[in-house]
Amino acid sequence: MSKLEALECHFTWILDPNRICLLRLCDKLVDIGTEEGNPWLGHIYNLRGFIQCKLGSPEDALSFFLQAAEAFRQMRGEDEGPWLVVNYGNLSWLHHLLGDQAESEAYLSKVDALKKKYPTPSEDLLHAELYAEKAWTLMKFDTERELVSDYFQKAIKMQPDLVEWNTSHVIGLARAFIQGSTELGADILQKIRDAKEKNQGNLYLAAYDLQMRARKEEDVAVEARELAKKVLRNPVSSYSGIKAILRIYRNDTFIDEAIVLAEKALENHPNERYLKKCAALTLKWKIIFFSKSGVDESMINRAVSLHKELISLYPDSSFVMEIDLANIYAKSKHRQTEATGLYQQLLERELKPAEKQVLYNQYAKYLVFDLKDYNRSIDYNIKAAEIPMKSFYRENSIGVLKRIKNKGRSQKCREIKECLKNLQEP
């Protein structure tokens, strides 16, 4: 067992994966697609294999691990190399879990042979291929961002010619800023520009570059339109850059343009669930955040229809979509009852703490903005804040409670003070 635990592979990198997290990540990996030439295809198959193993489907796991090995061979143009160390480690673990110790030992021997054939300068260092795959994999779990950045930088330093590693590194930095966990420093913008220069054909990176510049209040509308035309000609993938382009249009001035672009993409590929997701997203933005620019019942009905379809297309990761659907119902003049009913169903459902936190925060907004029930809204913000898990939703609810406390007008100020005083650290 100690040999298995010493391996560098998914089974030793991700020790306690959450089932909900695995199901959602599986959907995200499917939406990336398996287009030939994707430099991360081997990594995608390796991660999908690990997820299937953890979800109790060892046969599917084996299939994905074997596809990963083949993808690496095609991408690298060689039958073997250090890029197979993680893959062989995963296969050793899988056969061990299946009770086939002989096959497990065979893959352990293959790992040892590769490490001898492709040694690193010291035992403390991993091969560049391992640093890159470890960084990419941990990035997908959206944790340990500093460690992810460190692994990418080590891989890039060892093999600077592999531009996709640098591209993924800077996209990770950009995403961290978008999600609010880092400041947008001049160094991040420069790294994005440098990566774009080295990888000019990567539209995903180009879209992130425009999104970052738009955040700095640059006028990038013309460039975004030109990039959108290129993205629409490319194969459908969550790596195409279309969502980053749509986010550039997420404002009063251009939201209608975002809706048209998403619908055009869907018209070109009417059966692609990822594009249905993009179209639904733009309609949600318009209805919930930019309704002053004009929302009618036909738009709400279209959004409802798309969200219902998405809930069936993403059965394992549709929870947030159901909340979005409830919020869309709430903006209709005729569907308040459906909003209340759906929220009630969600509140009665058996949920994980992270899901409860999202639901309580969103339900608090619904209560205050749509039902004008200020006291119950405070109750649910307190519920969200009391769940000791770090998230945007918790911080948002805490911020709301602090503002109410500081104004001092609510009859629930004492409860709020007590809540804030006794909050547990995540």
Side-chain angles (χ1 to χ4, degrees), residues 1-19 21-22 25-26 29 39-141 143-144 147-148 150-152 154-155 158-159 162 165:
M1 191 67 182
S2 60
K3 286 185 178 180
L4 287 169
E5 289 170 345
L7 290 172
E8 287 287 344
C9 67
H10 294 69
F11 290 88
T12 58
W13 295 341
I14 305 147
L15 299 178
D16 188 24
N18 177 290
R19 182 177 175 83
C21 172
L22 291 176
L25 182 51
C26 187
L29 293 173
W40 299 104
L41 196 53
H43 306 74
I44 290 167
Y45 283 136
N46 259 341
L47 182 49
R48 289 185 70 179
F50 169 74
I51 290 171
Q52 289 305 313
C53 182
K54 289 297 180 180
L55 293 176
S57 300
E59 289 181 5
D60 290 339
L62 178 59
S63 174
F64 280 125
F65 287 148
L66 295 177
Q67 287 180 77
E70 183 57 31
F72 279 120
R73 289 187 186 103
Q74 290 186 15
M75 284 299 300
R76 300 293 190 258
E78 297 180 51
D79 284 343
E80 68 167 28
W83 48 83
L84 289 176
V85 168
V86 174
N87 181 254
Y88 288 164
N90 284 338
L91 283 162
S92 182
W93 265 97
L94 177 64
H95 287 294
H96 166 74
L97 294 170
L98 290 172
D100 189 343
Q101 298 307 321
E103 197 68 8
S104 178
E105 287 289 337
Y107 277 107
L108 279 173
S109 298
K110 288 185 177 185
V111 170
D112 289 338
L114 284 176
K115 288 169 77 173
K116 287 175 183 175
K117 189 172 182 179
Y118 304 96
T120 55
S122 75
E123 288 187 4
D124 295 335
L125 289 174
L126 303 180
H127 195 281
E129 293 278 355
L130 272 71
Y131 279 129
E133 183 159 6
K134 193 170 188 177
W136 184 89
T137 300
L138 294 177
M139 186 169 72
K140 291 302 166 193
F141 284 87
T143 57
E144 302 182 88
L147 197 58
V148 166
D150 180 55
Y151 289 152
F152 266 132
K154 284 178 177 176
M158 292 175 175
Q159 288 184 226
L162 283 168
W165 294 356

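Just so you know, residue 1 is the first one in the sequence shown, and it goes up from there. Since the structure is predicted, the reported quantities are computational estimates derived from the model, not experimental observations.
A salt bridge links Glu129 and Arg76; the closest N-O separation between the charged side-chain nitrogens and carboxylate oxygens is under 4.0 Å. Look at Lys154 and Asp150 and you find a salt bridge, because one of the NZ, NE, NH1 or NH2 atoms lies within 4.0 Å of a carboxylate O, short of that distance.
Across all their heavy atoms, Asn87 and Ala69 have their closest contact at OD1-CB, 3.5 Å. Of all heavy-atom pairs spanning Ala61 and Gln52, the tightest one is N-CB, 3.8 Å. Cys9 and Asn90 get closest at one heavy-atom pair: CB-OD1, 3.3 Å.
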Side chain to side chain donor-acceptor pair (under 3.5 Å) between Ser63 and Gln67: does it pass, once the steps are laid out? CA-CA 6 Å; Ser63 174; Gln67 287 180 77; 3.2 Å; yes
Give the C-alpha distance, both sets of side-chain angles, the deciding distance and a yes or no for side-chain contact (heavy atoms from CB on, under 4.5 Å) between Val86 and His10. CA-CA 7 Å; Val86 174; His10 294 69; 3.6 Å; yes
Applying side-chain contact (heavy atoms from CB on, under 4.5 Å) to Asn46 and Phe65, what does each step give before you reach the verdict? CA-CA 5 Å; Asn46 259 341; Phe65 287 148; 3.7 Å; yes
side-chain contact (heavy atoms from CB on, under 4.5 Å) evaluation trace for Val111 with Lys3: CA-CA 11 Å; Val111 170; Lys3 286 185 178 180; over 6 Å; no
How far apart are the C-alpha atoms of Lys140 and His43, what are their side-chain angles, what is the distance that settles it, and do they pass the side-chain contact (heavy atoms from CB on, under 4.5 Å) test? CA-CA 11 Å; Lys140 291 302 166 193; His43 306 74; over 6 Å; no
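Panel note: side chain Tyr131, backbone Leu126; a donor-acceptor pair is recorded below 3.5 Å.
Side-chain contact between Cys53 and Pro58 is absent, with no heavy atoms from C-beta onward closer than 4.5 Å. Taking the side chain as every heavy atom from C-beta outward, Glu133 and His127 never approach each other to under 4.5 Å. The side-chain heavy atoms of Leu91 and Leu62, taken from C-beta on, include a pair separated by under 4.5 Å. Looking only at side-chain heavy atoms (C-beta outward), Phe11 and Leu4 stay at 4.5 Å or farther from each other. Residues Glu78 and Trp83 form a side-chain contact, since some pair of their non-hydrogen atoms from C-beta on lies under 4.5 Å apart. Within the 4.5 Å cutoff, side-chain heavy atoms of Met139 are placed close to those of Phe152.
Using cut-offs of 30° and 60° on the angle between ring planes, the pair Phe50 and Phe141 is perpendicular. Between Tyr107 and His95, the two ring planes are parallel [angle under 30°; tilted spans 30° to 60°].
Here the CZ atom belonging to Arg19 is positioned 8.5 Å from the CG atom belonging to Leu22, to the nearest 0.5 angstrom. Atom-to-atom distance recorded for Thr12:OG1 and Glu5:CD is 9.5 Å, nearest 0.5 angstrom.
Remark: of the listed residues Trp13, Trp165, Trp40, Trp40 is the sole one forming a ring-ring contact (aromatic ring centres under 6.0 Å, His included) with Trp136.
Shown here is Gln101, whose CD atom has more than 12 heavy atoms of other residues, nucleotides or ligands within 6.0 Å.
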